[in-house]
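Down below is the structure, laid out as structure tokens.
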Amino acid sequence: MSKITGKSEMIENVEFSPVDPSKVAERVRAVADQSVEQSKEIFSKLSSDAETAQTAVKSTVEMARTTSNELLVRTLTALQANTEAGFTHLEALVAVT
């Protein structure tokens with residue numbers, strides 16, 4: 001039983017079992033092994049997720065590049081047609097007497 005008297009504690013009839021260092025070492029090793037396994041699983045998942053994200057980004061960048069190239073070609077084609085039409089109109093105006 002335990003008794004509390006005043007400001008100091010007095011514990012009676014308490015038995016402490018001896019600590020077996022080999023069991024402590026085994027438990028520490030088990031916890032460490034479990035931590036290593038969890039770290040490996042987390043790293044594997046993180047690596048897999050990073051690869052998935054990289055693939056998505058690569059696909060998005062490729063699509064953006066393709067789309068911007070198509071837009072550039074269309075813009076240049078429109079500018080060329082507009083310029084040719086302007087010169088044709090200018091030639092027609094110059095030919096008028």
Side-chain angles (χ1 to χ4, degrees):
M1 299 297 302
S2 63
K3 293 182 182 179
I4 300 176
T5 58
K7 292 184 179 181
S8 62
E9 292 186 15
M10 184 178 201
I11 301 175
E12 297 175 2
N13 300 330
V14 175
E15 293 183 23
F16 292 102
S17 60
V19 176
D20 185 4
S22 64
K23 288 186 180 181
V24 171
E26 287 174 13
R27 182 67 182 141
V28 169
R29 181 173 285 121
V31 170
D33 288 343
Q34 184 181 13
S35 296
V36 167
E37 285 303 316
Q38 287 176 346
S39 296
K40 285 180 182 179
E41 290 173 12
I42 291 170
F43 179 77
S44 176
K45 181 163 177 23
L46 179 65
S47 177
S48 175
D49 290 348
E51 288 176 10
T52 302
Q54 180 183 11
T55 302
V57 168
K58 186 176 180 180
S59 173
T60 302
V61 168
E62 184 63 29
M63 183 183 294
R65 185 183 67 81
T66 302
T67 303
S68 66
N69 284 346
E70 289 175 8
L71 182 61
L72 178 62
V73 168
R74 288 181 184 181
T75 302
L76 290 176
T77 302
L79 286 173
Q80 183 180 8
N82 192 23
T83 303
E84 288 174 0
F87 279 124
T88 301
H89 182 68
L90 184 59
E91 287 174 349
L93 286 177
V94 171
V96 173
T97 55

Any salt bridge (Lys or Arg N to Asp or Glu O under 4.0 Å) involving residues 21-35? Give me the pairs, sequence neighbours left out, ordered by first then second residue. none
Besides Val57, the hydrophobic cluster formed by Ile, Leu, Val, Met, Phe, Trp and Tyr side chains linked at under 4.5 Å, directly or via other members, contains Val61
Below 3.5 Å, can you tabulate the donor-acceptor pairs from side chains in residues 37-46 to any protein atom, sequence neighbours excluded?
{"unit_1": "Ser39", "atom_1": "OG", "unit_2": "Ser35", "atom_2": "O", "d": "2.9"}
{"unit_1": "Lys45", "atom_1": "NZ", "unit_2": "Asp49", "atom_2": "OD2", "d": "3.3"}

Cut-off 3.5 Å, no hydrogens considered: what does the side-chain donor-acceptor table look like for residues 88-96, sequence neighbours left out?
{"unit_1": "Thr88", "atom_1": "OG1", "unit_2": "Glu84", "atom_2": "O", "d": "2.8"}

For Lys58, all residues meeting salt bridge (charged side-chain N to carboxylate O under 4.0 Å, His left out), sequence neighbours excluded: none
Which pairs pass salt bridge (Lys or Arg N to Asp or Glu O under 4.0 Å) with one or both residues in residues 59-76, sequence neighbours excluded? Glu62-Arg65
Which residues share a side-chain contact (heavy atoms from CB on, under 4.5 Å) with Thr75, sequence neighbours left out: Leu71, Leu79
